[in-house]
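Quick notes on the structure that follows.
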Amino acid sequence: MKPIIQVALDLLETDRAISIGQEALEGGADWIEAGTPLIKSEGMDAIRSLREAFSGNIIVADMKIADTGSMEVEMAAKAGADIIVILGSADDSTVLEAVRAAKKYGSRIMADLISVNEPVTRSKELEELGVDIINVHAGIDQQMTGQDSLSIMKKVVREVNIQVAVAGGLDADSCAVAVQEGADIVVVGGNIVRSADVTASSKAIREAVDSPSVRAYSKKSIDEEIRSILGSVSTPNISDAMHRKGAMQDIFPMLAGKRMIGKAVTVQTFKGDWAKAVEAIDEAGPGDVIVIYNGSRHVAPWGGLATQSCLNKGIAGVVIDGAVRDIDDIRTLDLPVFATCHVPNAGEPKGFGEINAEIVCGNQTVKPGDYIVGDDNGVVVIPKEHAYEIARRAKEVEKTEQRLFEEIRRGATLSEVMKLKKWEKH
Ligand SMILES: O=C([C@H](O)CO)[C@H](O)[C@H](O)COP(=O)(O)O
């Protein structure tokens, strides 16, 4: 049987959900899911509206039922849902009540294994309890910390005889792997609904699940993955992902149009003393960013010769809380340089300070190995221990903005698209 694509409409407003759902169906999606955020935002009316708009399609209500199984299934079924989602971790009494109610109203039950400790054992129990579909799911917050659902899904498909769905940040490549490993249903949210071209994204997933064998899936190292994700987002996306933290203050690009991503080699120096700053070039390697605290706007610990030296070593860029000089040379060289200002005079190479100690640069703490990203907006520092999660969250921000941009391009204003008045704090 052809694999089923369930598009998860994780939006806050029904009107946007309907138009995005229509575009997803044009690309080849099969089932329409009223996402949990949509149901929480607009209630059963969201399901009613989707039922009306998509009369020929299966409607899944992602209720994530935790209790009162019968009552909540009845609500969703009467609103028009064909499949209703309960939490796999719900008590057996709730699951049984949900299953009984679903039978009464001619609906099916999908059990979501999000945060279930023993997913394989629980899947077998859920099958026994009468659930129709198991959904092996890494939740959106879990995905941001690197959890994925495919490895568990592979085990679950071998143990149960009911349909198995898989969800959790799936894209065309991972959908292809999922169906090759036996998934009957792929549930895709963000990678369809937050893309600028929903139809094209949905089509790419359709092609991937229909011809999965032609795709190669290569696993990157964590550092490669972090760098690759950070390479596709902006410093504003990262700042949003960090809840408006991480941006260096009073540090500006010295040349326009340069993007910089790398791991910090830190330098603490004092007012114009350029010895440690320049020695750090020899300590740093390809892909590193030298981050210097110098503390003077009037004497520079950095200039054109140091910049050229970095290029010889494949260093990714330089950030200076302080001044640079030789700005005319720096502008002709291909190295991203960020600093407080530029001045004519250098200091002296006295040798005070330290390389690779924790420093404060642009009013942000920077540890050796933290990820530093710079672009025309400025520089952000990402603590290394949270780099993967922040990169993933920044990517989600970027996807959301792409979709908003597209809707605004079609003629709406930002406040209209975001329903700003409705979502003001009361
Ligand atoms: O169920 C979901 C999540 O818990 C939010 O309610 C998502 O619909 C599901 O994870 C699919 O979305 P993506 O992970 O963005 O593909």
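One-based numbering, in listed order, for ligands and for the atoms of each. Every heavy atom of this structure was used, including side-chain atoms; hydrogens, water molecules and symmetry mates were not.
More than 12 heavy atoms of other residues, nucleotides or ligands sit less than 6.0 Å from atom CG of N312.
Within the listing of ligand 1, atoms 8 (O) sit less than 4.0 angstrom from a heavy atom of A8. Close contacts between ligand 1 and D62 involve ligand atoms 1 (O) [criterion: under 4.0 Å to a heavy atom]. Ligand 1 places these atoms under 4.0 Å from at least one heavy atom of T36: 6 (O). For ligand 1, the atoms sitting less than 4.0 Å from at least one non-hydrogen atom of E33 are 8 (O), numbered in the order shown with element in parentheses. Annotation for ligand 1: atoms under 4.0 Å from non-hydrogen atoms of G169 are 13 (P), 14 (O), 16 (O). Using a 4.0 Å cut-off to heavy atoms of P37, the atoms of ligand 1 that qualify are 6 (O).
At a cut-off of 3.5 Å, with distance as the only test, a side-chain donor of S93 or D91 sits close to an acceptor on the other residue. The closest side-chain donor-acceptor pair between E354 and Q268, if any, does not fall under 3.5 angstrom. Between the side chains of D375 and T235, at least one donor N or O lies within less than 3.5 Å of an accepting N or O. No side-chain donor-acceptor contact under 3.5 Å links D82 and S107.
Ion pairing between E52 and R48 fails under the 4.0 Å rule for side-chain N and carboxylate O.
In this structure, the side chain of K313 engages the main chain of I281 through a donor-acceptor pair within 3.5 Å. The backbone N or O of A264 sits nowhere less than 3.5 Å from a side-chain atom of D288 that would complete a donor-acceptor pair. With hydrogens and angles disregarded, a donor-acceptor distance shorter than 3.5 Å links the side chain of Q143 to the backbone of A138. Proximity of a side-chain donor or acceptor of S123 to a complementary backbone N or O of V156 within less than 3.5 Å is not detected.
Summarising the geometry, atom CD belonging to Q147 is positioned 9.5 Å from atom CD1 belonging to I114; distances are rounded to the nearest 0.5 Å.
Polar contact with ligand 1: absent for R194 (N/O pair, distance under 3.5 Å). Taking distance alone, with nitrogen or oxygen atoms compared against 3.5 Å, I140 stays at or beyond that limit from ligand 1.
At least one heavy atom of G168 lies less than 4.0 angstrom from ligand 1. Between G35 and ligand 1 there is no heavy-atom distance shorter than 4.0 Å.
The protein non-hydrogen atom at the shortest distance from atom 15 (O) of ligand 1 is G190 N, 2.9 Å. Counting protein heavy atoms only, atom 4 (O) of ligand 1 is closest to K64 NZ, 2.9 Å. Of the protein's non-hydrogen atoms, H137 NE2, 2.7 Å is the one closest to atom 10 (O) of ligand 1. For atom 16 (O) of ligand 1, the closest heavy atom belonging to the protein is G189 N, 2.8 Å. Scanning all protein heavy atoms for the shortest distance to atom 8 (O) of ligand 1 gives D10 OD2, 2.7 Å.
By the criterion of a heavy-atom distance under 4.0 Å, neither the backbone nor the side chain of N191 is placed next to ligand 1. If you look at D112 next to ligand 1, there are no close heavy atoms at all, none under 4.0 Å.
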